[in-house]
Amino acid sequence: MTQSLLMCPPDYFGVQYSINPWMNSQRGKVDLRLASQQWQDYFSLLQKFATIRLIDPEPHVPDLVFTANAGLILGNKFVQSNFKHKERRSEEPLFREWFQSQGYEGLALPDSIYFEGAGDTLFQKGANLLWAGHGFRTDRSAHAILKKDFRIEVVSLRLVDPRFYHLDTCFCPLEDGGALYYPQAFDSESLKLIEEHTAPEKRITVSDEDASHFACNSVLLDRNIIMNYASAKLESQLNKAGYSVYICPVTEFMKAGGANKCLTFNLDPFQENKNQGIKKNKMPLAV
Ligand code: ARG
């Protein structure tokens, strides 16, 4: 099945504030022409493997390009993000309206619970399992609500390195129970959980060098993995594991702390529980 991805053209992208360590020294330093070129090249490459849907770019929300943070979809429900930083909160209604216009039922967690959508929640293909990050942007209490209301196994992983503040910056679920990840971004309990829930021979851990080039922030479309960077060693490990590696640099977007995966939102996540009835009226707040 062809996957659909949501993206946002970078017309108004830039680093205008700093809410993660990558942005600290980059204010006003984005080359918008290069960013547009990189985005366009990436978009063209993704079109070979997926259907791309677009949300209109808007001024004053420079991080809207990072559609991974829109929210989370479960069946026909869209759980919007409650951004931790006020700088990104005006993206919430824009994403909500887009998903509602596509027929999704919009839901929200209580305002006091931070949740940054698919940046911090990743489905494991072939399992009724959602990996969920906490520690920087998403509150752990959000995980418990998702687990209860959506009848899905949620494995909570604690992020400990501020450079890897979203789960998708340091963890990428792979096929057949595998995962690509940067161990140093997690506490020891979380590393045990990763080991318990993945197949040992399908785990690929990345070096500091690969991690700091956002190698884990990859998009997996069948056996094609699209990433900003991979060392020769990582590329050969991925090839041996049966993946075709496409290097597609998005260095201008890294200045804002995001790369390939952050620039996409998977509209067909690997949900095994799609048809299980989601308990009605259980979500704290419908919008
Ligand atoms: N500047 C954005 C932020 O700090 C980058 C978001 C990256 N997105 C992601 N899914 N990791 O929120």
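Note that these values count all heavy atoms, side chains included, but never hydrogens, waters or copies made by symmetry. Start at 1 and go down the list; that is how both ligands and their atoms are numbered. For the single chain, residues carry numbers from 1 onward in sequence order.
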(message) Tell me whether Arg163 is salt-bridged to Asp208, with the criterion being a basic N under 4.0 Å from an acidic carboxylate O.
(response) yes

the protein heavy atom lying closest to atom 2 (C) of ligand 1 turns out to be Asp63 OD2, 3.3 Å

Per salt bridge (charged side-chain N to carboxylate O under 4.0 Å, His left out), Glu116 is matched among Arg137, Lys84, Arg89 by Arg137

min-distance protein heavy atom vs atom 9 (C) of ligand 1 -> Cys262 SG, 2.9 Å

- Message: What I want to check is whether the side chains of Asp161 and Gln184 have a donor and an acceptor closer together than 3.5 Å.
- Response: no

Self-check item: Note, Thr205 side chain near Tyr181 side chain (heavy atom, < 4.5 Å)
Solution: yes

Closest to atom 3 (C) of ligand 1 by heavy-atom distance, out of Arg137, Glu91, His85, is Arg137

Asn239 and Tyr243 have their tightest heavy-atom pair at ND2-O, 2.9 Å

Review point. Does any N/O atom on Asp168 come nearer than 3.5 Å to any N/O atom on ligand 1?
Key: yes

Per-atom filter on ligand 1: closer than 4.0 angstrom to a heavy atom of Ile19 are 3 (C), 4 (O), 12 (O)

Nitrogen or oxygen atoms of His166 and ligand 1 under 3.5 Å apart: yes

Under 4.0 Å from one or more heavy atoms of Gly119, ligand 1 contributes atoms 10 (N)

Looking only at heavy atoms, the pair that brings Phe164 and Ala185 closest together is CB-CB, 4.0 Å

Shortest non-hydrogen pair, Glu209 vs Ser231, comes out as OE1-CB, 4.1 Å

The atoms of ligand 1 lying under 4.0 Å from a heavy atom of Ala256, numbered in the order shown, are 1 (N), 2 (C), 5 (C)

Heavy-atom nearest pair, Ala256 first then Asn20, reads O-ND2, 3.0 Å

To atom 5 (C) of ligand 1, the nearest of Tyr165, Trp22, Phe253 on a heavy-atom basis is Tyr165

If we number the atoms of ligand 1 from 1 as shown, the ones under 4.0 Å from a heavy atom of Thr169 are 11 (N)

The atoms of ligand 1 lying under 4.0 Å from a heavy atom of Gly257, numbered in the order shown, are 7 (C)

Taking only non-hydrogen atoms of Ala68 and a 4.0 Å limit, the atoms of ligand 1 in range are 10 (N)

- prompt: Side chain of Asp210, backbone of Tyr229: donor and acceptor closer than 3.5 Å?
  reply: no

heavy-atom search around atom 8 (N) of ligand 1 in the protein gives Asn69 OD1, 2.9 Å

- request: Before signing off on this row, confirm whether Met23 and ligand 1 have an N or O atom pair separated by under 3.5 Å.
  value: no

